[in-house]
Amino acid sequence: MTVDVSEESRTPGTSVEEAVKDYYGKVLASSADLKTSACCTDAAPPPHIAAALGRVHEEVLDRFYGCGSPIPPALEGATVLDLGCGSGRDAYVLAQLVGPTGRVIGVDMTDEQLAVARRHTDWQAQRFGYANVEFRRGYIEDLAAAGIGHASVDVVVSNCVVNLAPDKPRVLAEIFRVLKEGGELYFSDIFADRRLPAALMTDPVLVGECLAGALYTEDFRRLLERNGCTDARTVTASPVTIDDPDIDRKIGFAAFTSRTVRAFKLPLEDRCEDYGQVAVYRGTVPEHPHAFDLDDHHRFRTGKPVLVCGNTADILSATRYAPHFTVTGDKSAHFGLFPCAPADAEGTADVGAACC
Ligand SMILES: C[S@@+](CC[C@H](N)C(=O)[O-])C[C@H]1O[C@@H](n2cnc3c(N)ncnc32)[C@H](O)[C@@H]1O
């Protein structure tokens, strides 16, 4: 099996990276300069994130170029790494959610973006009442050079960055190197429904607008598998619209989606298997008292038992989500492949069997 993305392999400092630095450092002055909806999100944030955004400096918000909201729940005390943190919007939101006992490290390669992020660290620390964010200059393909140690991070997040990296296999390998066992990758990015012609990577606008390097969903799955991750979950997915006629003419033959995906550093199976295990959400994540959404088809209502596959049982019992769930049963008896249930009327299969 050939995964075409590795053919793009280059070391940091290549022409693609220089074009991306130029685009985010010099061409764009604010989110309003973007030409497509790929690197921006219109979705209204949930109340706790909206409140946290209200405490972030205006200049940081102005230079937000993300395509989603890679902010998972239950972060208190966690060490979070934000890959391609840009001006620091998500990092400063995460800083409030991890609280004074947690920490956030943002890594980015573009000096102009880092300058905005760093300009406000003292102001933000005063606002929060504690200092727990730092920004490091570096390439997400080489997190060791940025001083990120093995198994040192609870959560890796990223907002519209992996598509820009020419060497995606190295990025994924680095992510799974720095994650602790049971740690989570939770990221938003642009995905394509096919492998895109490599020649498009020479167009700085198509690259900068997060389209030419978009991850082909199946190659992304293969890259995760190479790193031992056989069961990633889609949390949200929405189509990307290309309104600019010039951009549409060049790349409109492919369909793009903006997705938020979560994956865990856990030895999961490559299919959902049925061991008769049951999970109950305790309703204890403060901002989610009534239900916990694991992905786009697993909604756990507080107190309601749900039959889950072995992988979901492991995710809910061997990660930082464990204190919030009661998982019963083990893997001593196997009942075959886990039956996939159609989503219920709300788009969530919470009525018994659900699979991934
Ligand atoms: C679309 S912007 C998103 C910035 C930020 N995540 C946000 O939501 O505003 C992409 C950012 O990723 C950074 N970036 C792209 N490729 C990178 C790489 N290989 N290593 C480090 N940073 C990178 C760019 O410098 C830029 O700041």
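As the structure lists them, so they are numbered: ligands from 1, and atoms in each ligand from 1. We use all heavy atoms of the structure for the numbers below, so side chains are in, but hydrogens, waters and symmetry mates are not.
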I'd like to know whether Phe187 forms a ring-ring contact (aromatic ring centres under 6.0 Å, His included) with Phe220, so could you lay out the CA-CA distance, the side-chain angles of the two residues, the decisive distance to 0.1 Å, and finally the verdict.
CA-CA 13 Å; Phe187 81 114; Phe220 172 64; 5.5 Å; yes

Should Leu211 and Ile242 count as side-chain neighbours, where that means a heavy-atom distance under 4.5 Å?
yes

Say whether Val161, considering both its backbone and side-chain N or O atoms, lies within less than 3.5 Å of an N or O atom on ligand 1.
no

Regarding atom 22 (N) of ligand 1: of the candidates Glu17, Arg63, Arg170, Met109, which has the closest heavy atom?
Met109

Taking distance alone, with N or O pairs closer than 3.5 Å, would you say Glu141 contacts ligand 1?
yes

Taking N or O atoms only and a 3.5 Å limit, does Ile140 qualify as a polar contact for ligand 1?
yes

Quick check: does Thr110 get an N/O under 3.5 Å from an N/O on ligand 1?
yes

Side chain proximity check, Tyr281 to His288, heavy atoms < 4.5 angstrom
yes

Other than Phe135, what residues sit in its cluster of Ile, Leu, Val, Met, Phe, Trp and Tyr side chains whose heavy atoms are under 4.5 Å apart, directly or through others?
Ile49, Leu53, Val56, Val60, Leu61, Ile71, Leu75, Val80, Tyr92, Val93, Leu94, Leu97, Val98, Val104, Leu114, Val116, Phe128, Tyr130, Val133, Val155, Val157

Within a distance under 4.0 Å of any heavy atom of Val20, pick out the atoms of ligand 1 and give their elements.
15 (C)

Would you check, one step at a time, whether the test salt bridge (charged side-chain N to carboxylate O under 4.0 Å, His left out) holds for Asp111 with Arg137?
CA-CA 8 Å; Asp111 292 328; Arg137 189 182 192 285; 2.6 Å; yes

Taking 4.0 angstrom as the limit and counting only heavy atoms of Tyr139, give me the atoms of ligand 1 inside it, by number and element.
20 (N), 21 (C)

Which is it for Gln113 and ligand 1 at heavy atoms under 4.0 Å: side chain, backbone, both or neither?
side chain

Please determine, by modelled atom types, if Thr284 and His324 share a side-chain donor-acceptor pair under 3.5 angstrom.
yes

Would you kindly specify which portion of Arg89 sits under 4.0 Å from ligand 1, judged on non-hydrogen atoms: side chain, backbone, both or neither?
neither

Enumerate the atoms of ligand 1 whose separation from the nearest heavy atom of Cys160 is less than 4.0 angstrom.
1 (C), 10 (C)

Row check, Tyr186 ring normal vs Arg262 NZ/CZ: under 6.0 Å, within 45°:
no

Does Phe64 approach ligand 1 within less than 4.0 angstrom via side chain, backbone, both or neither, non-hydrogen atoms only?
both

Distance to the ring centre below 6.0 angstrom and angle to the axis at most 45 degrees; does that hold for Lys331 and Tyr275?
yes

If the cut-off is 4.0 Å to any non-hydrogen atom of Gly138, which atoms of ligand 1 fall inside it?
20 (N), 21 (C)

Which ligand 1 atoms does Cys85 reach within 4.0 Å, using its non-hydrogen atoms?
5 (C)

Kindly write out the residues that satisfy side chain to side chain contact (heavy atoms under 4.5 Å, CB included) with Glu287, not counting sequence neighbours, or none if the list is empty.
His48, Pro73, Val285

Heteroatom distance test (Asp82, ligand 1): nitrogen or oxygen, under 3.5 angstrom
no

Under 4.0 Å from ligand 1, counting heavy atoms only, is it the side chain of Lys21, its backbone, both or neither?
neither

So is Ser87 close enough to ligand 1, meaning a heavy atom under 4.0 angstrom away?
no

Counting C-beta onward and ignoring hydrogens, is there a side-chain heavy-atom pair between Cys309 and Gln277 closer than 4.5 Å?
no

